[in-house]
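Working notes, structure below.
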Amino acid sequence: MANLAKKVVQPDAPATAEEGVKPRYLEALHLVERLHRRLLDVIKDEFERRGRDDVNSVQALLLYNIGDKELTASELRTRGYYLGSNVSYNVKKLVEMGYLHHARSRVDRRSVRISLTDKGRQVHEVVEALYEKHARTIEPIGGISGDDFTRLNQALIRLERFWTDQIRYRL
């Protein structure tokens, strides 16, 4: 018969990382990644329902996040409007397809400013309508209340601050 060692945990002993925060932290990381991919799937599905295949979901989300602003490509990344390393590629494609204006900044001629064209605003409006529908139906259908989102958003902001501090202060 094999000798099985039993783990004895004292009632007042601190929980190990495996018993405490670590599994929940790893699950949260997995969920954040999965939710972003699922959001892209939802956007893709909305465009397919409308019979549109002119932009992909990443490009549609990028156009939505630009909205009425005039930005540089680097501002897209630093403001968190774009998640990905190929922002330059997608900006170039969207300019070529007529969704974005692309102009040198009057203040700094080295900098290129981008903004939505009328065609880009149409894509923005599709995503805006999708989000409006979700905002109306998420509580009665999804069972997620405003208070749930408040707590979720507070936790995500604290997590972002924690990660920022890890980088900034090399913790």
Side-chain angles (χ1 to χ4, degrees), residues 14-87 89-91 93-94 97-101 114-168 171:
T16 65
E18 285 299 321
E19 296 166 338
V21 172
K22 184 179 178 185
R24 293 181 196 107
Y25 173 67
L26 295 176
E27 181 181 13
L29 296 180
H30 178 72
L31 286 170
V32 167
E33 287 181 275
R34 196 168 78 201
L35 285 170
H36 180 66
R37 286 191 303 273
R38 184 68 66 217
L39 172 62
L40 295 175
D41 291 343
V42 167
I43 292 169
K44 177 180 181 271
D45 182 65
E46 180 66 17
F47 278 82
E48 286 174 354
R49 288 176 196 221
R50 293 171 178 252
R52 294 190 64 169
D53 62 358
D54 47 336
V55 294
N56 65 40
S57 56
V58 171
Q59 293 165 336
L61 190 57
L62 180 60
L63 293 169
Y64 173 79
N65 286 324
I66 292 170
D68 292 331
K69 296 175 277 307
E70 185 178 279
L71 305 163
T72 65
S74 63
E75 286 174 323
L76 288 173
R77 281 189 302 267
T78 58
R79 293 184 185 188
Y81 295 146
Y82 186 82
L83 303 174
S85 59
N86 56 355
V87 66
Y89 170 81
N90 277 312
V91 166
K93 292 304 266 183
L94 290 167
M97 295 186 304
Y99 292 96
L100 287 176
H101 289 292
I114 56 174
S115 60
L116 299 184
T117 64
D118 288 340
K119 197 173 172 183
R121 277 189 206 88
Q122 291 172 358
V123 171
H124 172 88
E125 290 167 5
V126 169
V127 177
E128 176 67 25
L130 176 66
Y131 286 174
E132 284 294 325
K133 180 179 89 173
H134 290 171
R136 285 190 317 273
T137 59
I138 199 157
E139 189 165 13
I141 295 172
I144 306 169
S145 71
D147 288 342
D148 292 333
F149 280 112
T150 297
R151 285 189 299 279
L152 173 64
N153 293 343
Q154 288 170 341
L156 291 172
I157 288 167
R158 288 193 306 266
L159 180 59
E160 180 184 27
R161 189 176 317 125
F162 173 77
W163 285 343
T164 299
D165 289 350
Q166 296 299 300
I167 296 164
R168 182 176 295 143
L171 298 175

Quick one, Leu40 with Asn56, criterion side-chain contact (heavy atoms from CB on, under 4.5 Å). Give me CA distance, side-chain angles, the key distance, then yes/no. CA-CA 9 Å; Leu40 295 175; Asn56 65 40; over 6 Å; no

Margin query: Show, in sequence, the C-alpha distance, side-chain angles and deciding distance for Glu75 and Ile114, and conclude whether the side-chain contact (heavy atoms from CB on, under 4.5 Å) test is met.
Written below: CA-CA 10 Å; Glu75 286 174 323; Ile114 56 174; over 6 Å; no

Requested in this report: Apply salt bridge (charged side-chain N to carboxylate O under 4.0 Å, His left out) to Glu125 and Arg121, showing your working.
Outcome: CA-CA 6 Å; Glu125 290 167 5; Arg121 277 189 206 88; over 6 Å; no

- Message: Pair Arg49, Asp45 - check salt bridge (charged side-chain N to carboxylate O under 4.0 Å, His left out), show working.
- Response: CA-CA 6 Å; Arg49 288 176 196 221; Asp45 182 65; 2.6 Å; yes

Taking it one step at a time, do Asp148 and Glu139 satisfy side-chain contact (heavy atoms from CB on, under 4.5 Å)? CA-CA 10 Å; Asp148 292 333; Glu139 189 165 13; over 6 Å; no

Worksheet item: Can you check salt bridge (charged side-chain N to carboxylate O under 4.0 Å, His left out) on Arg38 and Asp41, steps first, answer last?
Response: CA-CA 5 Å; Arg38 184 68 66 217; Asp41 291 343; 3.1 Å; yes

- I would like to know whether Asp165 and Arg161 meet side-chain contact (heavy atoms from CB on, under 4.5 Å); could you show each step before the answer? CA-CA 6 Å; Asp165 289 350; Arg161 189 176 317 125; 4.2 Å; yes

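Atom NZ of Lys119 sits about 10.0 Å away from atom CG of Leu94, to the nearest 0.5 Å. Separating the CG atom in Leu76 from the CG atom in Asn65 is a distance of 8.5 Å, to the nearest 0.5 Å. Met97 CE to Asn90 CG: the interatomic distance, rounded to the nearest 0.5 Å, is 8.0 Å. With values rounded to the nearest 0.5 angstrom, Leu39 atom CG is found 8.5 Å from His134 atom NE2. Taking CD of Glu132 as the start and CZ of Arg136 as the end, the distance is 7.0 Å to the nearest 0.5 Å. Of the inter-residue distances, the one linking Leu31 atom CG with Glu27 atom CD reads 5.0 Å to the nearest 0.5 angstrom.
Nearest heavy atom pair, residue Leu116 against residue His124, reads CD1-CB, 4.0 Å. Heavy-atom minimum distance, Ser115 versus Ile66: CA-CG2, 4.5 Å.
Just one of Leu130, Val126, Asp53 meets the side-chain contact (heavy atoms from CB on, under 4.5 Å) condition when paired with Phe47; it is Val126.
Side-chain contact between Gln166 and Phe162 is present, with at least one heavy-atom pair separated by less than 4.5 Å. In this structure, Thr164 and Ile167 have side chains that are not in contact, with every pair of non-hydrogen atoms separated by 4.5 Å or more.
A donor-acceptor pair under 3.5 Å is absent between the side-chain atoms of Ser57 and the main chain of Ile43, judged by distance alone.
Remark: Glu46 engages Arg50 in a salt bridge, criterion side-chain N to carboxylate O under 4.0 Å.
More than 12 heavy atoms of other residues, nucleotides or ligands sit less than 6.0 Å from atom CD of Glu70. Counted within 6.0 Å of CG on Asp68, heavy atoms from surrounding residues, nucleotides or ligands total 12 or fewer; the atom is thus considered open.
At a cut-off of 3.5 Å, with distance as the only test, no side-chain donor of Thr150 or Asp147 sits close to an acceptor on the other residue.
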